[in-house]
Structures are given as structure tokens and as C-alpha cells.
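Presented below is the structure to which this report refers.
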There are 2 protein chains.
Amino acid sequence: MDKSILFNKFVSFSASVHRVTHELTKDVKSDSITQVQYKILENIAISQPVTPSEINDCMQMSMPNTSRELSKLSEKNLIKKIGDSKDKRKQYICLSQDGELLMNEAFASIESRFLERIQNATKEDLKDIERSIDILQTKLFYSNYK
Amino acid sequence: MDKSILFNKFVSFSASVHRVTHELTKDVKSDSITQVQYKILENIAISQPVTPSEINDCMQMSMPNTSRELSKLSEKNLIKKIGDSKDKRKQYICLSQDGELLMNEAFASIESRFLERIQNATKEDLKDIERSIDILQTKLFYSNYK
DNA sequence: CCTCTTATTTATCATTTGATAATCAAATCA
DNA sequence: TGATTTGATTATCAAATGATAAATAAGAGG
């Protein structure tokens with residue numbers, strides 16, 4: 001098996017994934033927040049509660065910038081900060097009610113576009129898609145760190 | 001088949017793809033260019049020659065901004081602009097020698113990280129991966145427009 | 001030839017993002 | 001206790017990006 005060919009397929013495949021996800025998520029974010037802020041909210045939504053440092057690591061930005069964006073999200077009442085009772089330096093970030101609402105809407109809109117995209121797929125196709133996702137997720141796009 | 005479950009898998013899958021490609025491509029770009037400029041070069045590298053408008057569509061930016069970034073790449077001698085002999089409004093963009101060099105280095109570095117990632121995969125795994133990519137590319141991450 | 005459209009560029013602007021240094025307060029540790 | 005480390009914030013700055021209006025210049029169609 002020629003791994004170079006596989007690499008080429010990988011390159012064009014990930015380009016496709018990026019293009020399609022961009023298409024699906026285009027304009028779903030409310031105009032009141034920026035792209036990074038939306039990404040942060042997404043991050044929080046998926047794994048809340050999180051500490052600013054964790055967000056920081058995932059998003060690969062610097063602490064001062066993370067902090068700044070979190071403040072902005074806080075001002076907009078989209079997140080809540082909850083102090084750790086043990087270690088008073090730490091905080092836990094959750095979505096506020098408004099934040100939950102915003103993200104639910106966003107996800108709903110993405111899901112409906114997704115369903116549109118697979119509307120013509122047969123039962124067989126869907127099975128294939130599911131299996132393929134599972135395979136790639138475990139064998140190629142796995143995570144190194146816990 | 002529950003399409004909602006599939007949607008959830010899709011969400012976590014595309015997050016994985018983004019994370020992994022980010023890992024593979026992290027720091028491969030030379031410091032002399034910005035992130036967008038690198039993306040544009042990637043785009044050109046894959047489908048040269050391209051017109052500014054085409055880049056524009058793929059990258060989903062506005063023409064004035066595309067034009068600006070192309071000029072910058074031109075100043076840095078990373079691309080060449082070739083006029084269309086028929087339609088003098090059109091141009092074709094290619095990588096210059098320096099540009100080719102830069103992108104070859106980048107791709108080589110990405111490829112070596114990619115190979116590392118699949119180094120423990122068996123022949124069977126590789127076959128599975130390849131088939132899965134093909135399936136997803138045609139059935140899920142297909143392109144709508146030509 | 002005159003208009004209309006297309007492909008691109010120039011100029012300008014506000015906003016977002018990234019990076020750095022300095023500060024603060026709480027925890028840890030010697 | 002005093003020094004150091006950790007988690008987070010504030011302030012500031014330069015650079016990158018995005019958006020808009022306006023200009024240019026060449027095709028296309030009547």
C-alpha cells in the first residue's frame with residue numbers, strides 16, 4: 001500500500017471536511033459575538049464546566065487573550081463564572097441561560113443543514129457513513145492526549 | 001437509523017478532523033507569511049493555475065482582500081501572475097519557484113507527521129482508512145458546486 | 001458606439017486577533 | 001514566615017483581517 005497516495009487522499013479529504021463544516025456553520029453564530037467567541041462558546045458547550053486554562057489549552061491562545069474574550073462573553077451574559085470553593089484562584093465556566101439558548105439555536109441550525117445534506121442517502125449509505133466515521137475516528141483522527 | 005445520533009457523531013468527528021489537521025499543520029508555515037496567506041498558497045498549490053476569483057470563492061473572502069493578499073504574496077515572490085491572452089481582464093496565478101519550494105517543505109513536514117500518525121496501522125487498517133475516506137468524501141463531504 | 005457586466009485593483013476604515021509586560025491574589029512549599 | 005508557583009486579570013500595542021466605496025479596464029450585447 002502506497003502511503004503517499006493515502007497522504008494525498010488525506011489532504012484532499014481534510015480540505016473537504018473543512019469546506020463542508022464551514023458551509024454548515026456559516027452564519028449560524030449570532031452577530032453579537034465574534035468568530036473566536038463563538039468557538040469558545042462551542043468549546044464550553046461541549047465540555048462544561050471548564051476552567052479558563054482548559055479553554056486556553058484547547059483553543060491554543062494565550063491566557064490574557066482568553067481572559068479578555070471570556071470577560072466579553074460574560075458582559076454579554078452568555079457565560080457564568082463559578083468560583084472553586086477549594087482553590088479560590090480557579091474558576092469554572094458554564095453557559096448561562098442565554099448562552100445555552102444561543103448555542104442550541106446554532107446547533108439546531110447546523111443539524112438541519114446536515115440533514116439536508118444527507119437527505120438523499122439511502123439506509124445503506126447511512127450505515128456506510130456511520131461505519132466510516134467510526135473507523136476514521138479511531139484509526140486516523142484519534143487523540144494523543146487524554 | 002437515528003439521524004440525530006449520526007449528527008452527533010458528525011459533530012465530534014469534524015472536531016477531531018480539525019484538531020488533528022491543526023496538529024499536523026502547526027508551525028509548518030514560514031514566519032514570513034500570515035495564516036491566510038499560507039491558506040491561499042495551499043489553495044494555489046493544489047489547483048494551480050487559478051484565477052483570483054476562484055481563490056476568492058474557495059477562501060470565502062472578499063475580492064478586495066484577496067487582491068491585497070495576492071499582491072503581498074507577489075511582493076514576497078511566492079507567486080506569479082500570468083495574464084490570459086484571450087481575456088485580458090483575467091489572470092492565472094501559479095506558485096513561483098520560491099513558492100513551490102516553500103510549499104514542498106510545508107507538505108513534506110505535514111506528510112512526515114502524517115506517516116508518524118499511521119505508523120502503527122496494519123495493512124488492514126490502512127485499507128479500512130482508505131475505503132472510509134472514499135466513502136465519506138463521496139457520500140457526506142461532497143461538493144455541491146462543480 | 002453606447003451601455004452593461006465582469007474581473008480586478010486601490011484606498012480607507014473599523015474591528016479582531018495576537019503578543020508582551022506587569023500586576024494580583026491565592027496556594028504551595030521550604 | 002517568606003519565597004515561589006499557579007491561575008487569572010489588566011493594560012497596551014502592533015498586526016491581521018474584514019468590509020465598503022470607488023475606480024479601472026476589458027469583454028459582451030444591442
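FYI, side chains are in, hydrogens and waters are out, and symmetry mates aren't considered; it's all heavy atoms of this structure. Below, chains carry the letters A, B, ... as their sequence lines are ordered, and counting in each starts from 1.
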Distance, rounded to the nearest Å, where M63(A) contributes CE and dG18(C) contributes P
15 Å
Closest of dT17(C), dT10(C), dT10(D) to the S71(B) side chain is dT10(C)
Mind calculating the distance between CD (Q60(B)) and P (dA19(D)) to the nearest angstrom?
11 Å
Any side-chain heavy atom of L70(B) within less than 4.5 Å of one from P52(B)?
yes
Test salt bridge (charged side-chain N to carboxylate O under 4.0 Å, His left out) on K127(A) and E130(A); report intermediate values, then the result.
CA-CA 5 Å; K127(A) 265 278 161 249; E130(A) 191 176 15; 3.6 Å; yes
Row check, F141(A) ring normal vs R117(B) NZ/CZ: under 6.0 Å, within 45°
no
Atom-pair distance (CZ on R89(B); P on dA26(D)), nearest Å:
10 Å
For dT15(C), does OP1 or OP2 lie under 4.0 Å from any side-chain N or O of T34(A)?
no
Using a 4.0 Å heavy-atom cut-off, does T51(B) contact any base of the nucleic acid, only the sugar-phosphate backbone, or nothing at all?
sugar-phosphate
Would you mind reading off the distance between E69(A) atom CD and dA19(C) atom C1', rounded to a whole angstrom?
14 Å
Would you kindly give the CZ-to-P distance between R68(A) and dT10(D), to the nearest whole Å?
12 Å
In whole angstrom, what separates Q35(A)'s CD from dT17(C)'s P?
8 Å
Residue closer to the 5' end of DNA chain D, S85(B) versus K90(A) (nearest nucleotide)
K90(A)
Rounded to whole Å, please give me the gap between NZ in K72(B) and P in dA11(C).
14 Å
Does any N or O donor sit under 3.5 Å from an N or O acceptor when you compare the side chain of D87(B) with the base of dA7(C)?
no
Could you work out which one of dT17(C), dG18(C), dA27(C) sits closest to the side chain of V36(A)?
dT17(C)
Residue whose closest nucleotide on DNA chain C lies nearer the 5' end, Q37(A) versus K88(A)
Q37(A)
Whole angstrom value for the distance that separates C1' of dT24(D) from CD of Q91(B)
13 Å
Candidate pair Y92(A) and E54(A), rule side chain to side chain contact (heavy atoms under 4.5 Å, CB included), full reasoning:
CA-CA 10 Å; Y92(A) 295 100; E54(A) 284 166 346; 5.9 Å; no
Should R89(A) and D84(A) count as an ion pair when the cut-off is N to O under 4.0 Å?
no
